[in-house]
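Here is the structure we will look at.
Each chain gets a letter, A, B and so on, in the order the sequences are listed, and its residues count up from 1.
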Amino acid sequence: MFKLLKTEGRARRGEFSCAHGGAVQTPVFMNVGTQAAIKGGVDAFDLREVGCQIELSNTYHLHLRPGDGLIRRLGGLHKFMNWDGPILTDSGGFQVFSLASLRRIKEEGVYFSSHIDGQKIFMGPEESMRIQSNLGSDVAMAFDECVENPAAYEYAKASCQRTLRWLERCKREHDRLNALPDTVNPGQLLFGINQGATFPDLRVWHMEEIAKLDCDGYAIGGLAVGEPTQVMYDIIDAVEPHMPREKPRYLMGVGTPSNIIEGVARGIDFFDCVMPSRNGRHGKLFTWEGTVNILNAKHATDDRPVSERCGCPVCRRFSRAYLRHLFKAEETLGLRLAVLHNLYFYNELTAKIREALDEGRFADFRAEYSEKLAARV
RNA sequence: GGGGGAGUUCCAGAGCGGUCAAAUGGGGCAGACUGUAAAUCUGUUGCUUCGGCUUCGGUGGUUCGAAUCCACCCUCCCCCA
């Protein structure tokens, strides 16, 4: 399921397989399609075009609309969105954070009032597992509480203890569902999620506890939610030595191109982030030279592509002037092209990281790009 | 020819004696965005050597003080002939 091919320092080069993917090459960036679509008008065929290896969708959102029962009846999420590659589903734990004003947390689970129509929705570990089972994703994420930073120590402690109890319930329900005769994807894997806010002792304790549950992979959650970047790196440094070496590690929701390089350097294999799609829709384009704001006046007459060294379908065909025009004219084609470019960049970034690892020069790669990619050009 | 209405900062459009460099939209310029309630949100938008200076169709006037009141002129719109 996960094969560690090579290491350089703490950085890892690996291969991950699941029911819909022979070998996902890691480190990998998962392309985010929350509602079974990449925002900005990008579909499953486009995902192939931009080099996506694995897609991510969301339990809470698909449960609300169109409903996981419906998706199950229509043959599962892969068929529904016509993506036959690997899919990881986030559990709804992030919505405990992002929809904080619309929910109440109890021991049994979380009571949401739907952000769409206010309807009362209960989601606990078992519900999240059932929904993800109905979706038939290849990797289900444990239902957790993503705690906002900065957090009070006592709250973070009680929360990660509860998240541990929830993981035990997730595991039990997940195993039960996988064994049912009519399960959509009986090969579905389960990843546990580490929490503990910015407190190294909580993080390490929690990681050691969840490691005992023998999940198929382990994620670090609850980062990039308010704390300074250096604190995020420090927490990864603290937790990583306690993560099972032979299992994939996923840093949830992260991040900027340089966050990804720094995450790899700290032993992370999987990443996901809305940044390439959201920032793309907002006119911010990632390149090897730094970030381009295509809306800036200086691009109005620029006939060059967004990046001379980018091989993406957008840079091969269109100029900065044209892209800027599309944004200014509010043509949705602009959003689509920007998102395609950014996803291509993120997928290429991880491809280059893998290449560097394969050739034993990741340290050089990191030194060259980690800061450079944060520049604005 | 007669009657009525209107001209405000890039645009639309408030303001109708001082608290007006002038509301609010739009446009322009810039910024934010990290397991997506986000094609969203925020700032800024006359000039300035930061003391002030020049703006509300034009000219002249009333007033301590005018985008706001008066006179004439210019332009545009509507109705009647």
Report task. Determine the interatomic distance between P on U49(B) and the same-named atom on G5(B); round to the nearest Å. Result ->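 After rounding to an integer number of Å, I get 46 Å for this pair.
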Query raised in the report: Which whole number of Å gives the distance between the P atom of C16(B) and that of C76(B)?
Result: 29 Å
Checking all strands, does [X] fall into the base, sugar-phosphate, or nothing category for heavy-atom contacts under 4.0 angstrom?
X: Asp272(A); value: sugar-phosphate
X: Arg103(A); value: nothing
X: Gln35(A); value: nothing
X: Lys328(A); value: sugar-phosphate

Salt bridge (Lys or Arg N to Asp or Glu O under 4.0 Å) contacts in which one or both residues fall within [range], not counting sequence neighbours:
range: residues 335-355 of chain A; result: Asp46(A)-Arg336(A), Glu355(A)-Arg361(A)
range: residues 54-76 of chain A; result: Arg72(A)-Asp182(A)
range: residues 252-262 of chain A; result: Glu262(A)-Arg266(A), Glu262(A)-Arg366(A)

Query raised in the report: Is there a side-chain contact (heavy atoms from CB on, under 4.5 Å) between Lys247(A) and Asp214(A) once you walk through the steps?
Result: CA-CA 10 Å; Lys247(A) 291 186 176 171; Asp214(A) 194 30; 2.3 Å; yes
Suppose we define a pair by two distances each less than 3.5 Å, Watson-Crick or G-U wobble; what does [N] pair with here?
N: U19(B); answer: none
N: C10(B); answer: G26(B)
N: A39(B); answer: none
N: G1(B); answer: C80(B)
N: C72(B); answer: G58(B)
N: A66(B); answer: none

Protein-nucleic acid N or O pairs under 3.5 Å, nucleotides 39-47 of chain B:
| residue | atom | partner | partner atom | Å |
| --- | --- | --- | --- | --- |
| A39(B) | OP2 | Arg281(A) | NH1 | 2.4 |

Distance in angstrom units between [X] [atom1] and [N] [atom2], rounded:
X: Asn31(A); N: U34(B); atom1: CG; atom2: P; value: 18 Å
X: Phe327(A); N: C29(B); atom1: CZ; atom2: P; value: 14 Å
X: Leu285(A); N: A32(B); atom1: CG; atom2: C1'; value: 16 Å

Query raised in the report: Does the side-chain contact (heavy atoms from CB on, under 4.5 Å) test come out yes or no for Glu209(A) and Trp205(A), once each step is laid out?
Result: CA-CA 6 Å; Glu209(A) 291 301 314; Trp205(A) 170 81; 3.6 Å; yes
Query raised in the report: Do the two ring centres, one from Tyr60(A) and one from His115(A), sit under 6.0 Å apart?
Result: yes
Tell me whether the OP1 or OP2 atom of [N] has a side-chain N or O from [X] closer than 4.0 Å.
X: Asn293(A); N: G31(B); value: yes
X: Asn296(A); N: G31(B); value: yes
X: Gln95(A); N: G35(B); value: no
X: Ser98(A); N: A37(B); value: yes

Which parts of [range] get close to RNA chain B, meaning a heavy atom less than 4.0 angstrom away?
range: residues 56-67 of chain A; result: Leu56(A), Asn58(A), His61(A)
range: residues 108-122 of chain A; result: His115(A)
range: residues 245-263 of chain A; result: Met252(A), Gly253(A), Val254(A), Gly255(A), Thr256(A), Asn259(A)
range: residues 148-178 of chain A; result: none
range: residues 195-223 of chain A; result: Gln195(A), Gly222(A)

Requested in this report: Among G35(B), G31(B), U34(B), find the nucleotide with the atom closest to the side chain of Asp90(A).
Outcome: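 Given the options G35(B), G31(B), U34(B), the side chain of Asp90(A) is closest to G35(B).
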Query raised in the report: Would Ser133(A) and Gln188(A) count as having a side-chain donor-acceptor pair, cut-off 3.5 Å?
Result: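 No, because no side-chain N or O of Ser133(A) sits under 3.5 Å from a partner of the opposite role on Gln188(A).
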Please tabulate, for side-chain N and O atoms in residues 95-102 of chain A, each donor-acceptor pair with protein atoms closer than 3.5 Å (sequence neighbours left out).
| residue | atom | partner | partner atom | Å |
| --- | --- | --- | --- | --- |
| Gln95(A) | OE1 | Asn58(A) | ND2 | 3.0 |
| Ser98(A) | OG | Phe94(A) | O | 3.4 |

Report task. Hey, can you tell me if Phe191(A) and Phe16(A) have their rings parallel, tilted or perpendicular (30° and 60° cut-offs)? Result -> perpendicular
Report task. Specify whether His20(A) and His78(A) have parallel, tilted or perpendicular ring planes, treating 30° as the upper limit for parallel and 60° as the lower limit for perpendicular. Result ->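 Parallel: the ring planes of His20(A) and His78(A) meet at under 30°.
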**Report entry** Lys171(A) and Glu168(A) ion-paired at < 4.0 Å
**Finding:** no
Query - Partners passing ring pair (Phe, Tyr, Trp, His ring centres under 6.0 Å) against Phe80(A) (at least two apart in sequence or in another chain) - result: none
Query - By ring pair (Phe, Tyr, Trp, His ring centres under 6.0 Å) - contacts of Trp166(A) (at least two apart) - result: Phe143(A)
Of all the heavy-atom pairs spanning [X] and [Y], show the shortest one and how long it is.
X: Gly136(A); Y: Val184(A); value: CA-CG1, 3.7 Å
X: Ile235(A); Y: Phe199(A); value: CD1-N, 4.1 Å
X: Val32(A); Y: Cys273(A); value: CG2-O, 3.4 Å

Query - Single-linkage hydrophobic cluster Leu357(A)~Tyr346(A), side-chain heavy atoms < 4.5 angstrom - result: yes
Query raised in the report: So if you build clusters from Ile, Leu, Val, Met, Phe, Trp, Tyr with side-chain heavy-atom gaps below 4.5 Å, do Val42(A) and Tyr344(A) land together?
Result: yes
Report task. Check the chi torsion on G60(B) and let me know: syn if it falls within 90° of 0, anti if not. Result -> anti
Query raised in the report: Taking side chain as C-beta onward, heavy atoms only, is Ser91(A) less than 4.5 Å from Gln132(A)?
Result: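 The answer is yes; the side chains approach within 4.5 Å.
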Query - Option from Asn342(A), Asp272(A), Asn347(A) for which side chain to side chain donor-acceptor pair (under 3.5 Å) with Asn31(A) holds - result: Asn347(A)
